[in-house]
Enquirer: 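Have a look at this one.
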Amino acid sequence: MLRFFIAVFEVFMSRLRIVVDQLSDWRSFYPSDDVITAEEYLAQDTDIPAPMKATHVINLCSELDYLGTGYYVSLLAQARGQRVQPSVETLSQMSRHDLLALELDGLQRWMAVLERQGSVPGDELVLRLFFGHSDVPSLAILGRRLFEHLPCPLMEVTLSRHNGRWQLTGLQPLPFSALPQAEEERFASALNNHSRQIWRTPAARRRYRFDLAILIDPEEAMPPSNKGALKAFIRAGRKIGIDVSLITRHDEGRLAEFDGLFIRETTRIDHHTYRMARRAEHEGLVVIDDPTSILRCTNKVYLHAMLRDRHVPAPGGHLLSRHDAGLAALAETLSYPQVLKIPDGAFSRGISKVRSPAELLEQAEGLFKDSALLLLQEWMPTDYDWRVGILDDKVLFVSRYYMARGHWQIYDHSKGKTKSGGFDTLAPEDAPPQVLKVALKAARLIGRGLYGVDLKQSGERVVVIEVNDNPNLDAGIEDVVAGKTLYDTVMQVFLARMSARRA
């Protein structure tokens with residue numbers, strides 16, 4: 001067994017991190033500094049020399065469900081620019097049967113091997129795939145195809161026979177701690193083989209038609225675009241030959257009719273907006289907000305780690321772990337007030353100002369019930385926040401959003417009825433150059449989609465608060481300076497991208 005791991009570690013040395021729940025889980029495997037615990041990895045300082053920084057992470061942890069400890073290992077690996085398996089996208093797909101159906105479309109022909117073989121007893125077969133390697137030789141191709149679609153190091157696959165046909169009825173990630181000792185040799189061999197290969201992602205299918213769907217929720221209280229803006233998008237699109245239609249979540253089955261999807265509904269990961277973005281991308285549509293941008297922007301922990309790793313100025317902060325016994329001691333060392341944030345809050349929700357160590361510990365205890373990590377940041381009081389709208393790496397608009405009267409945030413939800421402060425919109429050339437420079441640098445880390453970068457400015461200091469994947473584009477607010485040009489610009493980007501796909 002040792003020869004497998006010696007080969008692995010000679011190839012990767014310090015460039016690989018294998019993350020487990022406890023070092024004792026590694027049992028009799030070859031000892032190495034490349035194997036660390038989830039707690040050590042989450043607390044790891046990202047300011048380390050590039051030659052010593054890991055480029056690949058294999059996440060073998062438990063708690064891989066949304067906001068669990070294993071989930072955060074994959075999330076922070078991606079934020080740190082490391083290639084991780086499983087990725088957060090893979091974990092999200094495996095948790096949703098509808099997304100699985102999309103990803104696994106076309107694999108039925110490999111299931112026919114079981115039908116032709118006819119020698120599998122019973123009507124159910126459970127496989128354990130290690131980096132796609134199956135212990136059933138006749139299903140080797142099926143295992144590889146599953147791993148290409150869903151690159152998860154350890155998977156348990158359930159196949160069931162209905163009316164004489166075999167179907168995939170279950171698929172879940174496995175933590176390394178669940179691996180029995182009898183299977184360690186097979187796992188070691190699979191890891192050795194995998195470590196020598198290039199990690200690839202399958203190419204998406206493409207469809208080409210010049211029809212654009214705008215996803216909205218007519219009942220949403222605070223949508224990203226008001227009715228006036230939606231009408232302006234429709235006019236701008238049709239003017240250049242794009243037929244624009246408004247759709248809702250109930251039109252998910254129609255996505256294949258379009259060749260572009262523009263999401264104008266507040267996005268979340270565990271939500272139909274992310275599911276529809278994934279489905280649209282799978283169908284080959286041009287998508288804004290694309291699912292990768294949604295994933296990266298909707299979690300403040302991811303943004304905090306990413307901004308720090310790429311040296312983008314941001315408020316000083318700490319990632320708090322529910323497993324950290326030193327939280328009480330840390331609380332006593334801080335100056336107050338501090339700002340405590342849940343990972344996926346929006347519109348000033350899930351954000352609180354804590355004024356003492358006791359208040360921090362009390363609020364964190366309640367929030368840890370829903371998330372393994374929280375974000376604690378320094379409080380920077382300002383009269384307004386900058387919002388720089390960026391599309392395709394170009395500034396689209398610049399606005400200032402003022403704090404709600406008598407409140408420390410833009411939105412005040414404290415009295416049952418949401419109140420917000422005022423705004424003004426400036427020409428980009430009238431905004432401070434440093435604000436634009438920092439905003440563009442932050443947006444480039446996310447992608448080339450549509451982003452709203454929120455920043456605070458205190459004297460000469462400019463810091464990024466967060467990056468939003470579906471910033472507000474409202475008639476009468478963000479378009480005050482640009483007018484209809486704002487809507488024309490968005491539609492021109494869709495047109496260029498759809499044309500490129502047709503070519």
Enquirer: What residues form a side chain to side chain donor-acceptor pair (under 3.5 Å) with Gln363, not counting sequence neighbours?
Expert: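 Partners of Gln363 under the side chain to side chain donor-acceptor pair (under 3.5 Å) test: Ser352, Glu359.
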Enquirer: Using modelled atom types and a 3.5 Å cut-off, is there a donor and acceptor pairing between side-chain atoms of Arg264 and backbone atoms of Ile214?
Expert: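 It does not hold such a pair.
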Enquirer: Go through Asp479 and Phe397 one step at a time and tell me if the side-chain contact (heavy atoms from CB on, under 4.5 Å) criterion holds.
Expert: CA-CA 7 Å; Asp479 68 352; Phe397 68 88; over 6 Å; no
Enquirer: Is it the case that the side chain of Thr298 and the backbone of Arg268 share a donor-acceptor pair, with hydrogens and angles ignored and the cut-off at 3.5 Å?
Expert: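 No, because the side chain of Thr298 does not come within donor-acceptor range (under 3.5 Å) of the backbone of Arg268.
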Enquirer: Quick one: do Phe147 and Arg144 satisfy side-chain contact (heavy atoms from CB on, under 4.5 Å)? Show the steps, please.
Expert: CA-CA 5 Å; Phe147 186 72; Arg144 288 199 299 270; 5.8 Å; no
Enquirer: Is there a donor-acceptor contact under 3.5 Å from the side chain of Asp290 to the main chain of Glu281?
Expert: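 No: the side chain of Asp290 does not pair with the backbone of Glu281.
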Enquirer: Partners of Ser87 by side chain to side chain donor-acceptor pair (under 3.5 Å), sequence neighbours excluded?
Expert: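 So Ser87 forms a side chain to side chain donor-acceptor pair (under 3.5 Å) with Glu89, Thr90.
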Enquirer: With Asp270, which residues qualify under side chain to side chain donor-acceptor pair (under 3.5 Å), at least two apart?
Expert: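 Asp270: side chain to side chain donor-acceptor pair (under 3.5 Å) contacts with Arg96.
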Enquirer: What is the minimum heavy-atom distance between Leu426 and Val481, and which atoms define it?
Expert: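 Looking at all heavy atoms of both residues, the closest pair is C-CG2, 3.7 Å.
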Enquirer: Can you run down the salt bridge (Lys or Arg N to Asp or Glu O under 4.0 Å) pairs that involve residues 222-237, sequence neighbours left out, and say none if there aren't any?
Expert: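 Checked against salt bridge (Lys or Arg N to Asp or Glu O under 4.0 Å) - neighbours excluded - no pair reaches residues 222-237.
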Enquirer: In terms of side-chain heavy atoms, does Gln338 have a donor or acceptor partner in His318 at a distance below 3.5 Å?
Expert: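 Short answer, no.
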Enquirer: Report the residues that fulfil side chain to side chain contact (heavy atoms under 4.5 Å, CB included) with Pro175, sequence neighbours left out, ordered by chain and then residue number.
Expert: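 Checked Pro175 against side chain to side chain contact (heavy atoms under 4.5 Å, CB included); matches are Ser62, Ser177, Ala178.
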Enquirer: Among all residues two or more places apart in sequence or in another chain, which pass the ring pair (Phe, Tyr, Trp, His ring centres under 6.0 Å) test with Phe262?
Expert: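 Expected list: Phe233, Phe494.
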Enquirer: Within the side chain of Gln78, is there an N or O that forms a donor-acceptor pair under 3.5 Å with the backbone of Val88?
Expert: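 Present.
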Enquirer: Using modelled atom types and a 3.5 Å cut-off, is there a donor and acceptor pairing between side-chain atoms of Thr425 and backbone atoms of Ile477?
Expert: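 Yes: the side chain of Thr425 pairs with the backbone of Ile477.
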Enquirer: With sequence neighbours left out, which residue pairs that include part of residues 428-442 fulfil the salt bridge (Lys or Arg N to Asp or Glu O under 4.0 Å) condition?
Expert: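 Matches after skipping sequence neighbours: none remain.
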Enquirer: Assess whether a salt bridge exists between Arg400 and Asp383, defined as any Lys/Arg side-chain N lying under 4.0 Å from an Asp/Glu carboxylate O.
Expert: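 No salt bridge links Arg400 with Asp383.
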Enquirer: Below 4.0 angstrom, N of the basic side chain to O of the carboxylate: do Arg322 and Glu63 qualify?
Expert: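 Salt bridge flag = yes for Glu63 with Arg322.
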Enquirer: For Gln492, check side chain to side chain contact (heavy atoms under 4.5 Å, CB included) against everything at least two apart and list the hits.
Expert: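 Side chain to side chain contact (heavy atoms under 4.5 Å, CB included) check on Gln492 returns Ile240, Leu495.
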Enquirer: Just to verify, what does Asp454 make a side chain to side chain donor-acceptor pair (under 3.5 Å) with, not counting sequence neighbours?
Expert: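 Checked Asp454 against side chain to side chain donor-acceptor pair (under 3.5 Å); matches are Arg387, Asn468.
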Enquirer: If you measure only the distance, is there a donor-acceptor pair under 3.5 Å linking the side chains of Thr248 and His250?
Expert: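 No, no side-chain donor-acceptor pair sits under 3.5 Å.
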Enquirer: Output all residues satisfying side chain to side chain contact (heavy atoms under 4.5 Å, CB included) with Ala443, sequence neighbours left out; order by chain, then residue number.
Expert: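 With sequence neighbours excluded, Ala443 shows a side chain to side chain contact (heavy atoms under 4.5 Å, CB included) to Ile390, Tyr451, Val453, given in chain and number order.
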Enquirer: Are the side chain of Ser74 and the backbone of Pro86 linked by a donor-acceptor contact shorter than 3.5 Å?
Expert: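 Yes, because the side chain of Ser74 sits within donor-acceptor range (under 3.5 Å) of the backbone of Pro86.
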Enquirer: Find out whether Glu283 and Leu261 are in side-chain contact, i.e. whether some heavy atom of one side chain is under 4.5 Å from a heavy atom of the other.
Expert: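 No, side chains not in contact.
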Enquirer: Determine, for Arg275 against Glu252, whether the closest basic-nitrogen to carboxylate-oxygen distance falls under 4.0 angstrom.
Expert: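 Looking at Arg275 and Glu252, the cut-off is met.
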Enquirer: Tell me, please, which residues at least two apart from Leu445 pass side chain to side chain contact (heavy atoms under 4.5 Å, CB included).
Expert: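 By the side chain to side chain contact (heavy atoms under 4.5 Å, CB included) rule, Leu445 matches Met306, Leu307, Arg310, Val312.
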Enquirer: Which residues pass the salt bridge (Lys or Arg N to Asp or Glu O under 4.0 Å) test with Asp474, sequence neighbours left out?
Expert: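 Asp474: no salt bridge (Lys or Arg N to Asp or Glu O under 4.0 Å) contacts found.
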Enquirer: Identify whether the distance between the nearest side-chain nitrogen and carboxylate oxygen of Asp393 and Arg444 falls below 4.0 Å.
Expert: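 Salt bridge flag = yes for Arg444 with Asp393.
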